[in-house]
Amino acid sequence: MTTEANSSLHFIRQIVADDLKSNKHNGRVVTRFPPEPNGYLHIGHAKAICLDFGMALENNGECHLRMDDTNPVKEDVEYIDSITADVRWLGFDWGKHFYFASDCFGQMYDACEELIRKGKAYVCALSQDDWKDYRGAPPAPGKESPWRNRPVEESLDLFHRMRAGEFADGTLCVRARIDMASPNLHLRDPVIYRILHSDHPHTGDKWCVYPTYDFAHPLEDAYESITHSLCTLEFEVHRPLYDWVIDNLDHLPSRPRQYEFARLNLTYTVMSKRRLLELVQEGRVNGWDDPRMPTICGMRRRGYTPESIRNFAEVIGVTKYESLTDVALLEHCVRNDLNLRAPRRMAVLNPLKLVIDNFPEGQTDEFDAVNNPEDAAAGTRKVKFSRELFIERDDFMENPPKKFFRLAPGQEVRLKYACLVKCTHVVKNDAGEIVEVHCTYDPASRGGNSPDGRKVKGTIHWVSAPHAIKAQVRLYDRLFTVEDPMAQAAAEGKDYRDYLNPHSLEIVTGLCEPALADAQPGDRVQFERIGYFSIDPDAQPGKLAINRTTTLKDSWSKMTEKA
RNA sequence: UGCCCGAUGGUGUAAUGGUAGCACAACUGCCUCUGGAGCAGUUUGUCUAGGUUCAAAUCCUAGUCGGGCAACCA
């Protein structure tokens, strides 16, 4: 699919273009996507991935995939595989540039030593609580740590012994010696190395001291010769520290720059790793890849295509303004994509029996059905037809309003691809519910044409009762009932979970045309007049499970809602 | 509160001192063997006040509002 966006020159593209023009990095563009392996990737990450890889792709550069694993307490190998799989699925290739920040722990340790030797860092023994007092609150300057002027040799010795495991967690740390009076708190002697007696998912028990993000990140970027280090807005105030680290170390292979853009927020969902983790752990959803989750694996399972997500990332743009994007835009992107590629099938999700009284019992007919009206190459298929069919309960009304074009007593309708039928009467059960609709068909209308050119406004889908196959169909809807669950919760003094949509998943047994029997997990189809669906990996041979990706636009339901 | 960042229709964005445009959403109409898709059209916008300029969404100043930071998280 071609991108529908006009690929605007957003500010990051502008910066890269300018740098290329001024030959700032000798014509190179090297970016990186640096996830911390402590959670699953979501649509917000997809935006960042598309940006990071996109800038490289557009400029003949390279984009590295780097596990930012500097905190063993929070990270787990479990996440590494899912992250690489998700990035790959989105369609990006990091080539040989797959890195771990932890592979550079040795160099970072040396860099920290260099700072100490230069008198630009020191080992501090202040407790975390005391440190808070010393750092001070914004308007007033902080107080210097009593260890700030510790002799270099002593700091060096302590640092070595920290590494040797002589001290307990939190007893000592290394701080950069910057400026306790800075209005930017991040410059008031920030911690750059801390003691963590914790096995690391990647380096095992090799280390018990670990660099903090603020120290490690600029170094990782420099070691990999990153030219444009793109991150989200909350790191803006960290940039002076990022630059300080780069500026105060010798022999760094490159001089990377950090640029910040606004993260993605989407309506009717939450995006923070912590919230998503809660939803999973509390069983509010069925795992990280629950199709209601905004995770990449969830969206994949829901039936989203990588193309639609990439296109979405392009359409929403890149700015420094924190906004809330309407999920309708995402849905538009997937419809737009699937409309062109998803084969059409017929399925009835809320069945009502339809009997054609003038069609011989036990006889079967067969009609040609178009697989995709948007793609002639998709060809046609045969659909079986018989005296007893199922139609959608919504497609029949005993007492229809004026503009109801579907089936009603005395009204004629087209059974898609098959023939015209006219309703003669209905059969009800003791409770007064309609259990059967009886029709007669016009034998001259084979294939669904009206031989005398009479107008038949309604066309409905159907399945042949004896030929239909059952499927568990999962109808997914938005996870929350309000646009911004976090903001609403804060405003109303509630919890975001209070706004979980109790109808975000409805499971029904659908009756599908026989062609669905061949469907494989991951296949996407459009059920005519209903929506786009994807075969779930849960599907067993003969036991289909199907997820609704999104509904089709439905102007009839819009009319009835208004009435 | 101090520092940093930002503000263009309902939403997301473009306009790089020179006609405020695009997409989504909404609404009309046309068309249709998906009330889908498609086509045509309509409605709605530069936070406020000053200034610079022939000309300001754009530059300057002040204000207002919103976001971020104040973990030995990232």
Side-chain angles (χ1 to χ4, degrees), chain A residues 4-6 8-11 14 34-36 38-39 68-71 73-75 124 126-128 131-132 135-141 169-175 182-188 190-196 210 212-214 216-217 231-240 260 262 264 267 273 315-333 335-336 339-340 344 346 369-370 373-374 403-406 414-418 420 447-450 456-461 483 526-531 551-559:
Chain A
E4 68 191 75
N6 48 350
S8 77
L9 198 59
H10 55 65
F11 81 99
Q14 182 79 62
E36 183 187 17
N38 72 341
D68 204 5
D69 54 352
T70 57
N71 186 352
V73 180
K74 298 200 169 184
E75 294 145 12
C124 180
L126 243 29
S127 72
Q128 280 185 60
W131 169 246
K132 270 186 191 165
R135 188 187 45 213
D169 291 8
T171 53
L172 294 176
C173 67
V174 182
R175 323 198 87 95
S182 172
N184 182 343
L185 280 315
H186 295 280
L187 260 21
R188 318 245 271 219
V191 174
I192 58 173
Y193 248 95
R194 67 315 200 178
I195 302 171
L196 252 23
Y210 295 92
T212 57
Y213 167 87
D214 283 319
H217 210 85
C231 63
T232 44
L233 249 26
E234 67 267 30
F235 293 105
E236 224 162 5
V237 284
H238 294 242
R239 186 165 9 109
E260 311 86 10
L264 169 69
T267 54
K273 277 186 193 173
V315 166
I316 56 174
V318 181
T319 66
K320 292 181 75 96
Y321 174 68
E322 187 127 352
S323 55
L324 179 60
T325 299
D326 193 340
V327 73
L329 190 51
L330 216 207
E331 286 164 357
H332 159 78
C333 288
R335 282 194 195 101
N336 197 42
N339 178 42
L340 301 177
R344 271 56 167 175
M346 290 198 286
V370 173
E374 306 292 328
K403 288 196 168 166
F404 186 77
F405 304 141
R406 284 114 95 148
R414 175 173 18 250
L415 296 175
K416 183 141 179 137
Y417 302 126
L420 304 179
N449 309 305
S450 73
V456 180
K457 198 123 172 122
T459 299
I460 64 174
H461 60 277
E483 285 199 340
Q526 182 201 94
F527 285 155
E528 299 237 21
R529 304 209 304 138
I530 302 178
T551 58
L552 246 29
K553 280 201 261 178
D554 179 2
S555 50
W556 169 249
S557 70
K558 219 179 263 178
M559 280 168 71

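Note that these values count all heavy atoms, side chains included, but never hydrogens, waters or copies made by symmetry. What you see is a predicted model; the values in this text were computed from it and never measured. Lettering follows sequence order; numbering is per chain, from 1.
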Tell me what Lys320(A) touches on the nucleic acid: a base, only sugar-phosphate, or nothing, going by heavy atoms under 4.0 Å.
sugar-phosphate
Counting only N and O atoms by type, is there a donor-acceptor contact under 3.5 Å from the side chain of Asp326(A) to the main-chain atoms of Thr267(A)?
no
Protein-nucleotides 71-74 of chain B N/O pairs under 3.5 Å:
| residue | atom | partner | partner atom | Å |
| --- | --- | --- | --- | --- |
| A71(B) | OP2 | Arg135(A) | NH2 | 3.4 |
| C72(B) | N4 | Leu126(A) | O | 3.0 |
| C72(B) | N4 | Gly170(A) | O | 3.2 |
| C73(B) | OP2 | Arg194(A) | NE | 3.1 |
| C73(B) | OP2 | Arg194(A) | NH2 | 2.6 |
| C73(B) | O3' | Arg194(A) | NH2 | 3.3 |
| C73(B) | O2' | Asn71(A) | ND2 | 3.3 |
| A74(B) | OP1 | Thr70(A) | OG1 | 2.7 |
| A74(B) | OP1 | Arg194(A) | NH1 | 3.4 |
| A74(B) | OP1 | Arg194(A) | NH2 | 3.0 |
| A74(B) | OP2 | Tyr213(A) | N | 2.8 |
| A74(B) | O3' | Asp68(A) | OD2 | 2.7 |
| A74(B) | N6 | His238(A) | NE2 | 3.2 |

Is there a donor-acceptor pair closer than 3.5 Å between any side-chain N or O of Ser182(A) and the backbone N or O of Asn184(A)?
yes
Under-4.0 Å side-chain N/O to phosphate OP1/OP2 contact, Arg344(A) with G36(B):
no
Looking only at the side chain of His332(A) (C-beta and beyond, no hydrogens), which of the listed nucleotides C24(B), U34(B), A37(B) gets closest?
C24(B)
Keeping the roles fixed (side chain from Arg194(A), backbone from Asp169(A)), state whether a donor-acceptor pair exists under 3.5 Å.
no
Select base, sugar-phosphate, or nothing to describe what Glu260(A) touches, counting heavy atoms under 4.0 Å on all strands.
nothing
Look at all strands and tell whether Leu324(A) reaches a base, only sugar-phosphate, or nothing, counting heavy atoms closer than 4.0 Å.
sugar-phosphate
I'd like to know if the side chain of Arg414(A) reaches the main chain of Asn449(A), judged simply by a donor and an acceptor atom lying under 3.5 Å from each other, with no hydrogens or angles considered.
no
Angle class for the His186(A)/His238(A) ring planes (parallel below 30°, perpendicular above 60°, tilted otherwise)?
tilted
Is any N or O donor-acceptor pair between the side chain of Glu374(A) and the base of G36(B) shorter than 3.5 Å?
yes
Check step by step if salt bridge (Lys or Arg N to Asp or Glu O under 4.0 Å) holds for Arg239(A) and Glu260(A).
CA-CA 9 Å; Arg239(A) 186 165 9 109; Glu260(A) 311 86 10; 2.6 Å; yes
Please state whether the phosphate of C24(B), meaning OP1 or OP2, lies under 4.0 angstrom from any side-chain nitrogen or oxygen of Thr325(A).
no
Options G36(B), C5(B), G12(B), nucleotide nearest the side-chain atoms of Ser323(A)
G12(B)
At 4.0 Å (heavy atoms only), tell me whether Pro190(A) reaches a base, stays on the sugar-phosphate, or touches nothing.
nothing
Can a donor-acceptor pair under 3.5 Å be found between the side-chain atoms of Arg335(A) and the base atoms of G36(B)?
no
Under 4.0 Å, counting only non-hydrogen atoms across every strand here, what does Tyr321(A) touch: a base, just sugar-phosphate, or nothing?
sugar-phosphate
Thr319(A) near the nucleic acid: base, sugar-phosphate alone, or nothing, with a heavy-atom cut-off under 4.0 Å?
sugar-phosphate
If you look at every strand shown and take non-hydrogen atoms under 4.0 Å, does Leu552(A) touch a base, only sugar-phosphate, or nothing?
base
Ignoring hydrogens, what is the shortest heavy-atom contact between Trp556(A) and Arg406(A)? Give both atom names and the distance.
CD1-NH1, 3.2 Å
Among G35(B), U32(B), G2(B), which is the nearest nucleotide to the side chain of Phe404(A)?
G35(B)
Given atom NZ of Lys457(A) and atom P of G35(B), what is their separation to the nearest angstrom?
10 Å
Mind checking Glu331(A) for me? I need base, sugar-phosphate or nothing, with any heavy atom below 4.0 Å counting as a touch.
nothing
Phosphate contact (G36(B) OP1 or OP2) by Lys416(A) side-chain N/O below 4.0 Å
no
